[in-house]
Amino acid sequence: MKHQLQKLIIQALEQLKRNDQLPKDLEADVQIDRTRDSGHGDYASNIALTLGKAAKTNPRELAARIVAALPADENVKKTEIAGPGFINFFLTPDASYTVIKSVHKEGGEFGRSDLGKNRRVLVEFVSANPTGPLHVGHGRGAAFGAALSNLLAAAGFSVHREYYVNDAGRQMNILAASVWLRYLELCGEAVDFPSNGYKGDYVFDIAATVHRDHSEKFRCAPTMIFNGLPPDATPDGLGDKEAHIDGVIDRAQEILGNTGFRVMLDTALDAILDDIKRDLTEFGVEYDEWFSERSLAKSGAVLDAVTSLRNAGHTYDKGGNLWFASSKFGDEKDRVLVRENGVPTYFAADIAYHLNKIRRGYDQIIDIWGADHHGYVARLKASLQALNFDPSTLEILLVQFAILYRGAERVQMSTRSGQFVTLRQLRGEVGKDAARFFYVMRKCEQHMDFDLELAKSESSDNPVYYIQYAHARVCSVLRQLNEKSLNYDQRQGLDNLASLTEQHELDIITSLSKYPEIVESGARNHEPHQIAHYLRDLANDFHTYYNAHQFIVENDALRNARLSLILAVRQVIRNGLTILGVSAPESM
RNA sequence: GCCCCGGUAGCUCAGUUGGAUAGAGCGCACCCCUCCUAAGGGUGAGGCCGAAGGUUCAAAUCCUUUCCGGGGCACCA
């Protein structure tokens with residue numbers, strides 16, 4: 001409808017230009033907005049206000065000319081000029097009813113748009129290090145990334161969902177060493193567990209797997225490991241936990257050899273990655289690809305990336321390290337690519353990864369990161385720019401942590417102690433649907449309070465419940481219909497939409513017609529929360545209607561018309577919830 | 001020191017990319033079931049859009065300055 005009105009105005013403007021009532025070279029960006037107040041009609045355009053100056057006429061007079069030049073349209077009942085020069089459009093009732101027919105005809109496809117024109121988008125999200133289970137911070141990235149991907153797909157983009165597996169690097173080595181030490185404990189050795197090691201219970205489980213499969217093959221005396229190492233950090237501030245754990249890793253690699261160390265690492269990686277995959281699947285989050293960091297190093301892509309930067313003349317040696325002059329491209333300072341020991345940094349691998357993404361030919365690349373990584377945005381974009389790629393093809397969205405509350409009380413979390421709230425625990429407590437919905441209720445970069453009590457409550461205070469209940473209620477009405485030995489006659493319903501004249505009904509029809517616009521604007525702005533808020537409003541419209549009117553009435557035509565309307569509501573709720581990854585139950 | 005995010009009703013937040021009289025939920029005060037789920041609905045009170053300048057026909061929205069919260073970074077992946 002919006003686009004249609006836009007066309008009408010453009011035609012009117014062309015007409016005026018031909019009549020020399022407007023300058024020929026006038027460029028106009030025709031905006032059509034929904035009115036806030038129904039007294040202002042259904043849609044409004046501010047075109048006369050924006051063109052007033054360039055056309056050297058006062059806006060109201062210009063508006064009058066545009067209206068006079070406007071071609072007739074069967075959907076437009078009348079136009080009015082209002083306020084400082086707005087053109088208000090009033091639609092005919094028939095035009096409004098069309099949306100119900102569209103919903104019935106298009107079903108699950110209703111609301112889809114071709115905004116994306118099939119352009120290929122890669123969305124990378126979660127990508128948590130496989131060093132432990134996902135926690136509630138990752139949960140928000142997962143829910144947001146999945147919802148955004150679905151939303152982009154609904155808006156006509158061809159979406160590729162990807163998880164970057166950090167299966168190389170120091171953190172994995174620390175994990176492998178941690179597993180080994182726990183394994184030694186299982187063998188009966190007494191170990192001073194490093195303060196910087198991974199202390200979660202899952203490390204014991206992995207160690208037990210190693211012990212079961214390899215018995216005591218990797219056993220050695222702890223003194224062989226710890227003698228002569230830099231001391232670990234102590235509570236009084238002495239020692240160095242980083243130097244200590246690095247020492248432990250070196251000893252582990254010496255004592256176990258490559259293959260033995262690899263057993264620790266791979267057993268851990270397999271177990272944790274499997275767990276993460278299962279966790280995400282249960283959370284309703286699916287991926288097209290799990291991209292391995294290790295594969296980049298193996299294929300030489302990391303060294304290629306470094307070489308490319310060097311050949312482009314943007315690197316230099318200092319203090320034994322190879323630096324990238326990222327400050328020339330907007331970063332606040334230069335960054336190390338390859339350390340003096342010859343090991344490329346995580347950053348170098350990240351550059352290689354993004355070059356790989358670009359070479360795969362996506363029109364747009366979206367990274368969804370935790371907000372704690374925001375310092376990396378500038379340097380990564382700098383690297384793409386240095387290699388002559390357009391940095392705007394890469395869009396990095398930062399997701400803030402969610403702070404959990406139980407009622408008014410803040411839930412404490414601590415990664416250090418290994419006692420964090422996992423995503424799995426959260427799902428167990430509030431359920432998948434509530435978790436998915438609550439996570440995407442806010443803009444991603446906004447801080448969020450997640451109230452566990454509210455998420456669990458079965459009342460109208462809880463928006464998930466409220467929306468799902470509206471869906472279930474429609475289903476319930478249909479069951480009632482059957483109990484009264486009546487059937488829904490779609491044909492008759494859609495032929496009698498004109499009998500829907502109650503204000504509640506007209507309000508719902510307006511809401512339904514907004515859905516495609518919400519999908520577009522949500523996709524354009526990367527804001528799935530728009531869908532969440534929209535569904536809340538639609539559910540509210542429905543419950544209000546339900547309370548005010550009977551649907552199962554004597555009059556066949558009216559009854560079927562009303563049923564057509566509420567079935568359309570059910571369909572749109574279902575479509576919206578599907579994008580958010582929330583189920584639409586038939587009964588509750 | 002630098003960077004990011006936020007400041008809108010008592011609370012939690014929307015606000016259609018700058019539009020007409022700033023919205024919703026909760027909470028509060030009243031009210032509504034012989035009726036498809038009261039797991040619901042209605043009415044009302046409640047606002048200097050943090051502050052000050054600026055940009056223009058028009059600013060909660062854009063720019064500058066400033067105040068107050070929250071988070072992050074300072075050769076670690």
Side-chain angles (χ1 to χ4, degrees), chain A residues 2 31-37 39-40 44-46 48-50 52-53 58-60 82-86 88 129 131 166 168-174 242 293 318-319 321 323 332-337 339 343 345-347 349-350 370-378 398 400-401 403 405 408 441-449 451 454 457-463 465-466 468-470 472-481 483-484 514 517-518 520-522 524-525 527 529-530 532-534 536-537 540 542-553 562-563 566 587-588:
Chain A
K2 241 181 192 177
Q31 255 186 71
I32 304 285
D33 289 315
R34 271 188 188 277
T35 56
R36 205 176 306 222
D37 185 337
H40 297 140
S45 178
N46 60 357
L49 292 154
T50 55
K53 195 166 242 183
N58 87 60
R60 280 196 72 104
F86 289 104
N88 292 336
N129 281 342
T131 50
N166 295 112
R170 180 164 172 264
Q171 292 304 319
M172 284 309 292
N173 289 339
I174 294 177
E242 304 294 348
E293 178 186 357
K318 197 178 94 186
N321 296 326
W323 294 72
E332 55 186 8
K333 59 175 154 181
D334 296 345
R335 311 287 174 179
V336 176
L337 286 177
R339 343 196 115 265
V343 179
T345 57
Y346 178 91
F347 177 43
D350 230 3
D372 53 332
H373 287 74
H374 94 262
Y376 296 89
V377 175
L398 300 175
Q400 290 287 345
F401 279 166
I403 300 167
Y405 285 83
M441 268 197 307
R442 306 270 172 266
K443 277 187 203 141
C444 66
E445 75 269 21
Q446 210 152 294
H447 300 270
M448 163 164 103
D449 296 338
D451 186 345
L454 181 60
S457 81
E458 304 188 348
S459 75
S460 62
D461 307 0
N462 181 349
Y465 230 82
Y466 188 75
Q468 289 183 317
Y469 179 44
R473 226 174 190 182
V474 177
C475 297
S476 167
V477 170
L478 291 187
R479 286 192 293 270
Q480 288 292 328
L481 191 71
E483 278 170 29
K484 294 183 179 170
K514 280 181 191 167
E517 293 165 22
I518 297 288
E520 279 203 4
S521 119
R524 204 193 310 272
N525 299 305
E527 292 179 348
H529 79 273
Q530 290 192 27
H533 285 279
Y534 168 82
R536 218 272 162 203
D537 290 343
N540 183 39
F542 171 75
H543 286 306
T544 306
Y545 178 41
Y546 178 96
N547 197 251
H549 299 283
Q550 282 283 120
F551 309 149
I552 305 178
V553 292
R562 286 184 171 172
L563 292 172
I566 66 167
S587 66
M588 296 173 70

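- A:His543 comes within 4.0 angstrom of the backbone, heavy atoms only, and of no base.
- Relative to the side chain of A:His533, the nucleotides B:rC2, B:rA20, B:rA14 differ in distance, and B:rA14 lies closest.
- Look at A:Ser476 and you won't find any side-chain N or O under 4.0 angstrom from OP1 or OP2 of B:rC36.
- Not one side-chain nitrogen or oxygen of A:Tyr545 sits closer than 4.0 Å to the OP1 or OP2 atom of B:rC36.
- The side chain of A:Glu332 lies closest to B:rC2 when the candidates are B:rC2, B:rA20, B:rC57.
- Applying the Watson-Crick and G-U wobble criteria (two distances, each under 3.5 Å), B:rU61 pairs with nothing in any strand.
- With both pairing distances under 3.5 Å, B:rC26 is matched to B:rG10 as a Watson-Crick or G-U wobble pair.
- Checking B:rA45 for Watson-Crick or G-U wobble geometry (two distances, each under 3.5 Å) identifies no partner in any strand.
- Heavy atoms of A:Arg335 sit nowhere under 4.0 angstrom from any nucleic acid atom.
- A distance of 9.5 Å separates CD in A:Gln400 from NE2 in A:His374, rounded to the nearest 0.5 Å.
- Taking atom C1' on both nucleotides, B:rA22 is separated from B:rA9 by 11 Å, rounded to a whole Å.
- Using a distance-only test at 3.5 Å, with no hydrogens or angles considered, a donor-acceptor pair links the side chain of A:Thr544 to the main chain of A:Asn540.
- Between A:Asn547 and B:rU37 there is no side-chain polar atom (N or O) within less than 4.0 angstrom of OP1 or OP2.
- The distance from atom CZ of A:Arg34 to atom P of B:rA14 is 22 Å, rounded to the nearest whole Å.
- Of the side-chain N and O atoms in A:Arg36, none sit less than 4.0 angstrom from OP1 or OP2 of B:rA24.
- Contact annotation: A:Gln400 side-chain N/O to B:rG6 OP1/OP2 distance is not under 4.0 Å.
- The CZ atom of A:Phe551 sits 12 Å away from the P atom of B:rG41 (whole-angstrom rounding).
- A sub-4.0 Å separation between OP1 or OP2 of B:rU16 and a side-chain N or O of A:Gln31 is absent.
- Rounded to an integer number of Å, the gap from CE of A:Met448 to P of B:rC11 is 20 Å.
- In a base pair of the Watson-Crick type (N1 to N3 plus N6-O4 or O6-N4) or a G-U wobble (N1-O2 and O6-N3), with each distance short of 3.5 Å, B:rU37 is matched with no nucleotide.
- Distance, A:His447 NE2 to B:rC5 C1': 5 Å, rounded to whole Å.
- With a cut-off of 3.5 Å on both Watson-Crick or G-U wobble distances, the partner of B:rC73 is given as B:rG1.
- Residue A:Lys333 places none of its side-chain N or O atoms closer than 4.0 Å to OP1 or OP2 of B:rC3.
- Residue A:Asp451 contributes atom CG, which lies 14 Å from atom C1' of B:rC13 at whole-angstrom precision.
- Rounded to whole Å, the separation between the C1' atoms of B:rU61 and B:rU8 comes to 12 Å.
- The structure places CG of A:Asn173 at 12.0 Å from OG1 of A:Thr131, a figure rounded to the nearest 0.5 Å.
- With the nearest nucleotide of RNA chain B identified for both A:Lys484 and A:Asp372, A:Lys484 has the one nearer the 5' end.
- Within the nucleic acid shown, A:Phe347 has no heavy atom closer than 4.0 Å to any nucleic acid atom.
- Nucleic acid contact for A:Asp33: sugar-phosphate only, since backbone atoms but no base atoms lie under 4.0 Å from a heavy atom of the residue.
- In this model, the phosphate group of B:rG42 is approached by a side-chain N or O of A:Thr544 to a distance below 4.0 Å at OP1 or OP2.
- Using a 4.0 Å heavy-atom distance criterion, A:Thr50 is classed as a base contact.
- Contacts of A:Arg479 with the nucleic acid, taken as non-hydrogen atoms under 4.0 Å apart, are absent.
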